[in-house]
Amino acid sequence: MLKVGPRMFQYFIKVIVQAFQLFYILLKIDPLSYIILQNPPGLPSIAVTWLFCVLRRSQLIIDWHNYGYSIMSLTNGPKHPIVRIAKWYEKVFGRLSDYNFCVTNAMKEDLMVNWNIKAATLYDKPASIFQETPIEMQHKLFMKLAKEYPPFKYPSQSKCSGTEKTAFTELKLEKGTISFNKECPALLISSTSWTEDEDFSILLKALEEYELFIRNGAKLPPLVCVITGKGPLKEHYSKLIREMQFKNIQICTPWLEAEDYPLLLGSANLGVCLHKSSSGLDLPMKVVDMFGCCLPVCAINFKCLQELVKHGENGLIFKDSLELAEQLKDMFTDFTSKSSKLKRFQQNLRESVQTRWDETWDQIVLPVITENYKT
């Protein structure tokens with residue numbers, strides 16, 4: 001990107017360059033009946049792909065996951081000229097598509113009412129790799145993570161003869177049996193791209209309250225809080241975490257290998273989601289993946305979250321750090337008991353019919369394509 005001139009000029013040059021690059025790549029592919037485009041990002045891809053479809057007599061399908069202009073408004077503000085142009089662009093060129101899918105019923109209604117775009121709801125679904133993790137695989141994962149991250153290590157320095165231990169599990173080498181430690185901590189997990197649409201100070205303040213609950217005599221387990229991901233605000237929050245003084249809580253912020261992330265989700269006791277939709281119309285994919293692992297979730301409230309998180313059934317919805325702290329206290333009280341709220345939510349997720357991505361595609365997308373092909 002050209003680093004001279006006003007910011008608007010730089011952005012304009014960037015869009016032009018990307019438009020030519022994308023059009024050149026499209027010209028190199030064989031003729032297609034359909035092109036499915038995920039939005040965002042849609043600038044300049046919607047206009048370029050539409051033009052290509054017109055020239056090649058292909059049909060354009062847009063899969064609306066959010067509005068690109070709403071994401072831009074997080075850093076620029078809703079009245080910024082770039083944001084206003086991006087909104088006009090998405091509205092005008094979005095109408096030129098042949099078919100549309102979107103990720104919530106709320107977005108489906110918004111597209112029709114405000115943009116006159118007819119769409120079918122295609123909810124995000126977890127891939128098949130997101131499952132509950134067997135205890136044998138949990139132990140292997142914890143042993144692997146313990147080499148780099150102290151919260152996963154068994155706290156005692158003394159080596160137990162004939163036993164291989166992590167903070168959560170122990171393997172009796174002679175018998176080959178694996179069990180959970182009697183007083184193991186609870187494992188809390190959150191994933192993030194460390195951007196402006198997630199305020200992790202809410203979680204950190206809730207953890208401070210949780211620590212106070214224990215110091216004031218509440219019978220709660222110690223916590224290991226894992227926050228995975230990379231992003232621009234990671235160092236900012238890492239600095240805050242390093243300054244915090246906890247006796248009963250350990251926090252680590254690893255970048256996990258792709259195959260380890262679903263295993264850790266399937267090993268955790270509770271998930272936390274701080275994603276606030278920039279438009280209020282999309283759903284957090286991280287919660288979808290957590291539910292695929294039968295992992296209950298505490299999620300911060302926004303407009304259409306109830307389409308995914310059913311408060312009191314598969315998780316809890318909170319509005320601020322104090323409410324989240326109370327929910328953590330509630331969820332982790334006797335959390336290993338079969339009658340605990342955490343176990344009940346987990347059982348509800350097991351019993352719910354969770355379709356996977358390929359099944360949803362066959363049910364919703366494939367009929368649209370095949371029906372049009374017949375005609």
Side-chain angles (χ1 to χ4, degrees), residues 104 123-135 137-138 141 168-169 180 184-192 198 202-203 206-207 209-210 213-214 218-228 249 261-277 283-302 304-356:
T104 63
Y123 285 115
D124 281 322
K125 296 294 179 180
S128 57
I129 57 173
F130 290 95
Q131 304 277 350
E132 290 185 80
T133 305
I135 191 170
M137 295 181 70
Q138 288 189 38
L141 176 65
F168 303 93
T169 55
F180 291 106
C184 70
L187 180 54
L188 181 70
I189 188 167
S190 186
S191 61
T192 178
E198 292 180 296
I202 294 173
L203 175 58
L207 292 177
E209 290 296 318
Y210 186 91
F213 290 150
I214 297 178
K219 293 183 178 179
L220 294 167
L223 286 185
V224 171
C225 177
V226 179
I227 307 172
T228 71
I249 299 172
Y261 176 64
L263 293 177
L264 190 59
L265 285 187
S267 305
N269 301 114
L270 181 66
V272 171
C273 176
L274 293 163
H275 169 85
K276 275 189 172 182
S277 168
L283 295 171
M285 189 66 204
K286 68 192 73 179
V287 175
V288 174
D289 294 336
M290 289 174 181
F291 283 170
C293 296
C294 296
L295 178 64
V297 171
C298 291
I300 194 164
N301 192 29
F302 62 88
C304 65
L305 182 64
Q306 291 77 7
E307 291 190 40
L308 178 62
V309 181
K310 311 299 181 184
H311 186 79
E313 294 182 22
N314 55 19
L316 297 172
I317 298 172
F318 61 89
K319 65 179 183 296
D320 55 32
S321 60
L322 291 177
E323 192 169 9
L324 174 58
E326 289 293 337
Q327 290 179 359
L328 294 179
K329 179 182 178 182
D330 190 24
M331 295 288 263
F332 287 130
T333 299
D334 296 324
F335 79 105
T336 57
S337 170
K338 292 182 179 179
S339 60
S340 69
K341 180 176 287 188
L342 195 59
K343 295 293 185 183
R344 177 164 57 85
F345 287 175
Q346 189 175 47
Q347 188 59 34
N348 290 343
L349 285 166
R350 290 191 186 113
E351 293 174 357
S352 64
V353 179
Q354 294 201 53
T355 56
R356 299 289 166 165

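A heavy-atom distance below 4.5 Å is not found between the side chains of Phe130 and Val288. At a threshold of 4.5 Å between non-hydrogen side-chain atoms, the residues Phe180 and Thr336 do not count as touching. Side chains of Val297 and Asn314 form no contact here, defined as non-hydrogen atoms less than 4.5 Å apart. Under the 4.5 Å side-chain criterion, counting only non-hydrogen atoms from C-beta, Leu316 is in contact with Phe345.
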For Leu220 and Phe335, what are the C-alpha separation, side-chain angles and deciding distance, and is it a side-chain contact (heavy atoms from CB on, under 4.5 Å)? CA-CA 9 Å; Leu220 294 167; Phe335 79 105; over 6 Å; no
Pair Phe318-Leu274, side-chain contact (heavy atoms from CB on, under 4.5 Å): steps then yes or no: CA-CA 10 Å; Phe318 61 89; Leu274 293 163; 3.7 Å; yes
Run Leu203 and Ile227 through side-chain contact (heavy atoms from CB on, under 4.5 Å) and show every step you take. CA-CA 10 Å; Leu203 175 58; Ile227 307 172; 4.1 Å; yes
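Minimum heavy-atom separation, Leu295 to Ala268: CD1-O, 3.4 Å. Residues Gln138 and Gly266 approach most closely at NE2-O, 4.1 Å, considering heavy atoms. For the residue pair Asp289 and Leu265, the shortest heavy atom distance occurs at CB-CD1, 4.0 Å. Closest approach of Ala186 to Phe332, counting heavy atoms only: CB-CE2, 3.5 Å. Shown here for Cys304 and Leu283, the closest heavy-atom pair between the two residues is O-CD2, 3.4 Å. Contact between Asn301 and Lys276 at its shortest, heavy atoms only, is O-CE, 4.2 Å.
Of the possible polar contacts, one joining the Gln327 side chain to the Ile317 backbone as a donor-acceptor pair under 3.5 Å is found. The backbone N or O of Lys329 lies less than 3.5 Å from a partner atom in the side chain of Thr333, making a donor-acceptor pair. The backbone N or O of Gly292 lies less than 3.5 Å from a partner atom in the side chain of Arg356, making a donor-acceptor pair. The closest donor-acceptor contact from the side chain of Asn269 to the backbone of Leu187 lies under 3.5 Å. In terms of modelled atom types and a separation under 3.5 Å, the side chain of Ser267 and the main chain of Thr133 share no donor-acceptor contact.
Put simply, the residue from Val272, Leu324, Ile202, Leu328 that forms a side chain to side chain contact (heavy atoms under 4.5 Å, CB included) with Leu207 is Leu328.
For the atom pair CG (Leu270) and NZ (Lys341), the distance works out to 11.5 Å, reported to the nearest 0.5 Å. Atoms CD and OG, from Glu198 and Ser191 in turn, are 7.5 Å apart once rounded to the nearest 0.5 Å. With rounding to the nearest 0.5 angstrom, the NZ atom of Lys343 is 12.0 Å from the CG atom of Asp334. Atoms SG and CE, on Cys273 and Met285 in that order, are 12.0 Å from each other to the nearest 0.5 Å. Atom-to-atom distance recorded for Leu308:CG and Met290:CE is 11.0 Å, nearest 0.5 angstrom. Between atom OG of residue Ser337 and atom CZ of residue Arg344 there is a gap of 12.0 Å, rounded to the nearest 0.5 Å.
With 3.5 Å as the limit, one finds no donor-acceptor pair spanning the side chains of Tyr261 and Thr228. Using modelled atom types, one finds a donor on one side chain and an acceptor on the other under 3.5 Å when comparing Arg350 with Gln347.
Dense packing is recorded around CG of Asp330, with more than 12 heavy atoms of other residues, nucleotides or ligands lying under 6.0 Å away.
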